[in-house]
Colleague: 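I am attaching a structure below and will ask some questions about it afterwards.
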Amino acid sequence: MPTVNAYAATSATEPLIPVTIERRDVGPTDVLIEIAYAGICHSDIHTVRGHWGPITYPQVVGHEIVGVVRAVGSQVTRHRVGDRVGVGCESGSCGTCEQCLKGEEVYCLKGNLQTYNGLDADGTITQGGYSQAIVVDERFVLKVPDSLDLSKVAPLLCAGVTLYSPLKHWNAGPGTRVAIIGMGGLGHIGVKLAHALGAEVTVLSRTLDKREDGLKLGADHYYATEDPATFEKLAGGFDLILNTVSAGLDYSAYVDLLAVDGTLVILGAPTEPVQVQAMPLIAWRRSIAGSANGGIPVTQEMLDFCAEHDILPETELISADYINDAYERVLASDVRYRFVIDAATLA
Ligand code: NAP
Ligand code: ZN
C-alpha cells in the first residue's frame with residue numbers, strides 16, 4: 001500500500017498537522033491520482049470541527065481535488081496514465097439504484113461514499129485531498145478539460161457543481177432572476193455560472209465590501225442584507241434564490257423575496273433548523289428546497305461548461321503549512337474567494 005504525506009485533523013479543536021496515511025493498492029477499477037491541488041471548502045471546517053457531529057480522527061479532509069493519473073487498474077477504460085483529472089465530494093455509490101442509474105450518484109438510495117469521513121467497503125474511513133495521492137474508483141474520476149488552469153480548477157469539483165446543479169435543475173437562464181446569498185467560495189462561483197447561463201444575477205451579501213468584485217464576476221446587482229431597505233426594495237423579485245451561507249439565517253426574510261412559484265434553495269449547511277412562516281409560502285406557491293453538490297454527469301457537464309465559457313474560481317494558492325491560517329480566514333470571511341493548497345508543498 002502506498003504511503004503518502006497528508007495534513008490531518010486530530011481533534012475538533014487542535015490545528016491540523018502533517019501526517020502520513022496509507023492509500024489502498026490500485027484495484028481493477030481504480031485510478032491512482034497524484035494530487036496537484038486541493039481546494040479548502042467550508043464543509044472541511046464543519047467536518048473537522050465536529051459541527052456536523054463527532055467524527056473519527058485523524059481525518060484528512062479535502063474534496064476539491066485535481067491531479068494527474070499515475071496508474072490505472074486492469075479494467076479501467078475511462079482514464080489513462082497522464083490524464084488531468086478531478087475528484088469531488090463522492091467517490092463511491094451502489095451503482096445500481098434508481099438514482100445511480102440516472103447519474104445522480106450523490107443521491108444514491110443506499111447512501112453515497114464521501115471522499116472523506118466516509119465508511120469504505122473495507123471498513124476504513126476515507127481520507128481526502130489534503131494529501132499527495134488518492135486512489136478512487138474510475139466512475140468517480142472527472143476529466144479536467146485542457147484549457148482550464150489546473151492550479152485554479154479544483155474548487156469547481158465541489159463549489160462549482162454545488163451551484164451549477166441547482167441552477168440547471170431550476171432552469172436558470174435568460175429571463176430568470178437569480179439571487180445568490182453569500183459571496184464566498186460557493187457564492188462567487190455561482191455568480192459566474194449564473195451569469196454565463198444568461199440569468200439576471202443579484203448578490204445578497206451582508207455588506208457592500210465585495211460589491212466591485214461581484215459586479216466584475218458578472219452580477220447585475222449587489223445588495224447589502226444588513227440594510228433593511230434591501231428587503232423592501234427586492235420583495236417578490238426572484239425566481240430562484242441560492243443560499244450559500246454557512247450560518248443560520250432569517251429564512252422568512254428571504255422567502256419574501258421570492259416571486260410567485262419561486263424557490264429558495266438551501267446549499268449552506270449550518271446545524272440550526274430552517275424555520276419559516278407558512279403563509280408567505282402558501283400565498284405565492286413558493287418552495288424551499290435543498291440540493292447536494294451533484295452527480296457525476298452534471299459534474300462533468302459543469303467542467304466542460306466552464307472550459308467553454310472560460311470560467312475559473314478566484315483563488316489564493318497556499319502551501320500546506322498555511323492550512324490552519326486559511327481556516328481562520330475562511331471563518332472570518334477573509335478569503336477572495338477560495339484557498340487552494342499546492343500539494344507539492346506536502347513533499
Ligand atoms: P465560505 O467561503 O465561508 O462562504 C460563506 C459565505 O456566507 C461568506 O462568504 C459570507 O458571505 C456568508 N456568511 C458567513 N457567515 C455568515 C453569517 N454569520 N451570517 C450571514 N452570512 C454569513 O463557505 P463555502 O465554502 O462557500 O460554503 C458555504 C456553506 O455551504 C457551508 O455551510 C458549506 O458546508 C456548505 N456547502 C454545501 C454544499 C452542498 O452540497 N449543499 C457543498 C459545499 C459547501 P458575505 O460575506 O457575502 O455575507
Ligand atoms: Zn465542499
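Read the numbers this way: they start at 1 and go in the same order the structure lists the ligands and their atoms. These numbers come from the heavy atoms of this one structure, side chains and all, not from hydrogens, waters or symmetry mates.
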Colleague: Backbone N or O of Thr124 within a donor-acceptor pair of the Asp122 side chain at under 3.5 Å?
Modeller: yes
Colleague: Mind checking whether Met183 has an N or O less than 3.5 Å away from an N or O of ligand 1?
Modeller: yes
Colleague: Which of the numbered atoms in ligand 1 are under 4.0 angstrom from any heavy atom belonging to Ala269?
Modeller: 32 (O), 35 (C)
Colleague: In Å, rounded to the nearest 0.5 Å, how long is the span from NZ of Lys143 to CG of Asp304?
Modeller: 10.5 Å
Colleague: Counting from 1, what ligand 1 atoms have a heavy atom of Gly268 closer than 4.0 Å?
Modeller: 29 (C), 30 (O), 32 (O), 35 (C)
Colleague: Answer yes or no for His63: is there an N/O/S atom below the 2.8 Å cut-off from the Zn ion (ligand 2)?
Modeller: yes
Colleague: Counting C-beta onward and ignoring hydrogens, is there a side-chain heavy-atom pair between Val4 and Ile21 closer than 4.5 Å?
Modeller: yes
Colleague: Quick one: does any side-chain atom of Tyr327 pair with a main-chain N or O of Pro15 as donor and acceptor, under 3.5 Å?
Modeller: no
Colleague: Taking N or O atoms only and a 3.5 Å limit, does Gly248 qualify as a polar contact for ligand 1?
Modeller: no
Colleague: Could you identify the single nearest non-hydrogen protein atom to atom 21 (N) of ligand 1 and state the distance to 0.1 Å?
Modeller: Val245 CG1, 3.2 Å
Colleague: Just which atoms of ligand 1 are under 4.0 Å from any heavy atom in Ala247?
Modeller: 17 (C), 18 (N)
Colleague: Looking at CG of Leu208 and OH of Tyr223, how far apart are the two atoms once the value is rounded to the nearest 0.5 Å?
Modeller: 10.5 Å
Colleague: What do you reckon, does Leu186 have a nitrogen or oxygen under 3.5 Å from a nitrogen or oxygen of ligand 1?
Modeller: yes
Colleague: If you have a sec, work out which protein heavy atom is nearest atom 31 (C) of ligand 1 and how many Å separate them, to one decimal?
Modeller: His46 NE2, 3.5 Å
Colleague: Taking 4.0 angstrom as the limit and counting only heavy atoms of Gly182, give me the atoms of ligand 1 inside it, by number and element.
Modeller: 11 (O), 47 (O)
Colleague: If you measure from each non-hydrogen atom of Cys89 to ligand 1, which part falls under 4.0 Å: side chain, backbone, both or neither?
Modeller: neither
Colleague: Report the member of Thr244, Ile189, Leu163 with the shortest heavy-atom distance to atom 28 (C) of ligand 1.
Modeller: Thr244
Colleague: Starting from atom 39 (C) of ligand 1, locate the nearest protein heavy atom and write down its residue, its atom name and how far away it is, to 0.1 Å.
Modeller: Thr162 CG2, 3.5 Å
Colleague: Closest non-hydrogen protein atom to atom 48 (O) of ligand 1, residue and atom name please, with distance?
Modeller: Arg206 NE, 2.9 Å
Colleague: In terms of atom number and element, which parts of ligand 1 are under 4.0 angstrom from non-hydrogen atoms of Cys41?
Modeller: 43 (C), 44 (C)
Colleague: Kindly compute the distance separating CG (Leu157) from OG1 (Thr162), expressed to the nearest 0.5 Å.
Modeller: 10.0 Å
Colleague: Does any N/O atom on Ser43 come nearer than 3.5 Å to any N/O atom on ligand 1?
Modeller: yes
Colleague: Is there a path from Leu312 to Phe305 through hydrophobic residues (I, L, V, M, F, W, Y) whose side chains come within less than 4.5 Å of each other?
Modeller: yes
Colleague: Has Thr345 got a side-chain atom pairing as donor or acceptor with Ala320's backbone, closer than 3.5 angstrom?
Modeller: yes
Colleague: Could you work out, for atom 14 (C) of ligand 1, the closest of Ser246, Pro155, Gly290, Pro270 by heavy-atom distance?
Modeller: Ser246
Colleague: With the Zn ion (ligand 2) at the apex, how many degrees lie between SG of Cys41 and SG of Cys158, rounded to 10 degrees?
Modeller: 130°
Colleague: If you measure from atom 25 (O) of ligand 1 to every heavy atom of Arg336, Glu226, Glu64, Arg338, which option wins on shortest distance?
Modeller: Arg338
Colleague: Pairs of nitrogen or oxygen atoms closer than 3.5 Å, one from Leu267 and one from ligand 1: do any exist?
Modeller: yes
Colleague: Which of the numbered atoms in ligand 1 are below 4.0 angstrom from a heavy atom of His42?
Modeller: 1 (P), 3 (O), 23 (O), 24 (P), 25 (O), 27 (O), 31 (C)
Colleague: Among Lys210, His51, His188, which one puts a heavy atom closest to atom 46 (O) of ligand 1?
Modeller: Lys210
Colleague: Determine, considering heavy atoms only, which of Gly184, Gly39, Gly214 sits nearest to atom 6 (C) of ligand 1.
Modeller: Gly184
Colleague: When you look at Gln114 and Glu90, which way does the side-chain hydrogen bond (donor to acceptor under 3.5 Å, both in side chains) test go after all the steps?
Modeller: CA-CA 5 Å; Gln114 291 285 295; Glu90 285 78 38; 3.0 Å; yes
Colleague: May I ask you to list the atoms of ligand 1 that are less than 4.0 angstrom from any heavy atom of Ala292?
Modeller: 40 (O)
Colleague: May I ask you to decide whether Arg23 forms a salt bridge with Glu34, counting only side-chain N to carboxylate O separations under 4.0 Å?
Modeller: no
Colleague: Please report the interatomic distance CG(Asp220) to CG(Leu215), rounded to the nearest 0.5 Å.
Modeller: 8.5 Å
Colleague: Roughly how far, to the nearest 0.5 Å, is the OG atom of Ser93 from the CD atom of Glu104?
Modeller: 11.0 Å
Colleague: When rounded to the nearest 0.5 angstrom, what distance separates NE2 in His195 from CD1 in Ile311?
Modeller: 8.5 Å
Colleague: Would you mind listing which atoms of ligand 1 come within a distance below 4.0 Å of any non-hydrogen atom of Gly185?
Modeller: 1 (P), 2 (O), 4 (O), 26 (O)
Colleague: Ignoring hydrogens and geometry, is there a side-chain-to-backbone donor-acceptor pair from Arg329 to Asp334 under 3.5 Å?
Modeller: yes
Colleague: Between Gly160, Gly190, Ser205, flag the one that comes closest to atom 45 (P) of ligand 1 by a heavy atom.
Modeller: Ser205
Colleague: Mind checking whether Tyr337 and His188 have parallel, tilted or perpendicular rings, split at 30° and 60°?
Modeller: parallel
Colleague: N/O/S of His42 less than 2.8 Å from the Zn ion (ligand 2)?
Modeller: no
Colleague: Would you say Trp52 and ligand 1 have an N/O pair spaced under 3.5 Å apart?
Modeller: no
Colleague: Report the relative orientation of the aromatic rings in His63 and Tyr116; use parallel for angles under 30°, tilted for 30 to 60°, perpendicular for over 60°.
Modeller: parallel
Colleague: Testing the basics here: between Ala172 and Val178, what is the closest heavy-atom pair and its distance to 0.1 Å?
Modeller: CB-CG2, 3.9 Å
Colleague: For ligand 1, is there an N or O atom under 3.5 Å from any N or O atom of Tyr337?
Modeller: no
